[in-house]
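Data first, discussion second: the structure below is written as structure tokens.
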Amino acid sequence: MKTPEWLKPSLYGAIAGAAIVAIAGFSWGGWMTSAGANELADELAQDRVVAALVPVCLEISNADPDRVALIEAIQAASGFRRRDALIEAGWATVPGADAPNRDLALACVEGLELDGS
């Protein structure tokens, strides 16, 4: 089948327009692939789970008989070492879990308000 000459500019324009719309949509329009959406959803779910478990971590810390000494050890540490000290205290291991959660430990350190903030 032979394409009429007058149809070629329209086809080229449609192809160029589709490419421009796709580039603009993915760059500035907020479009994303399903893999990108799944990654974003996983990150959001992890953040929400950690936020929901912070009260559990704080309750575990309040119930610990060695709380005062452990709080002093955590306060004496700086930066990421506070997180490690909280993990060593066992407060970042929620009931039913085999291992401590590092993200939970970091959020729990912030929840303890060690610097009076």
Side-chain angles (χ1 to χ4, degrees):
M1 177 176 148
K2 186 174 179 183
T3 307
E5 257 333 283
W6 58 269
L7 187 59
K8 287 182 183 179
S10 299
L11 291 176
Y12 293 146
I15 291 171
I20 290 170
V21 167
I23 290 170
F26 281 104
S27 298
W28 302 294
W31 299 357
M32 63 176 46
T33 63
S34 64
N38 286 335
E39 183 179 323
L40 185 63
D42 288 344
E43 290 172 11
L44 182 61
Q46 175 67 18
D47 291 345
R48 297 293 169 102
V49 168
V50 167
L53 289 176
V54 168
V56 174
C57 177
L58 296 176
E59 185 62 33
I60 291 171
S61 73
N62 289 333
D64 193 331
D66 297 328
R67 183 179 198 280
V68 175
L70 292 170
I71 288 287
E72 288 174 0
I74 293 169
Q75 277 183 320
S78 63
F80 70 90
R81 295 182 195 267
R82 283 187 171 184
R83 179 192 66 199
D84 294 340
L86 192 133
I87 288 173
E88 289 174 19
W91 297 347
T93 305
V94 294
D98 296 332
N101 185 318
R102 297 179 78 75
D103 294 332
L104 175 59
L106 185 61
C108 193
V109 165
E110 292 173 7
L112 287 172
E113 297 179 354
L114 298 172
D115 297 323
S117 54

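Only a predicted model underlies this, so the values are computations on that prediction, with no experimental measurement involved.
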If you take all heavy atoms of [X] and [Y], which pair is closest and at what distance?
X	Y	value
Ile87	Ala92	CG1-CB, 4.2 Å
Arg83	Arg102	NH2-NH2, 2.6 Å
Cys108	Leu58	SG-CD2, 3.8 Å
Ala107	Val50	CB-CG1, 3.7 Å
Trp91	Ile60	CD1-CG2, 3.8 Å
Asp66	Asp64	N-OD1, 2.9 Å

Side-chain heavy atoms under 4.5 angstrom apart, residues restricted to Ile, Leu, Val, Met, Phe, Trp, Tyr: same cluster for [X] and [Y]?
X	Y	result
Leu11	Trp6	yes
Leu112	Phe80	no
Phe26	Ile23	no
Leu104	Leu106	no
Val109	Leu53	yes

Rounded to the nearest 0.5 Å, what separates atom [atom1] in [X] from atom [atom2] in [Y]?
X	Y	atom1	atom2	result
Ile71	Gln75	CD1	CD	6.5 Å
Asn101	Cys57	CG	SG	9.5 Å
Glu39	Thr33	CD	OG1	9.0 Å
Met32	Asn38	CE	CG	10.0 Å
Leu86	Ser61	CG	OG	7.5 Å

Heavy atoms from other residues, nucleotides or ligands near CZ of Arg67 exceed 12 (cutoff 6.0 Å): yes

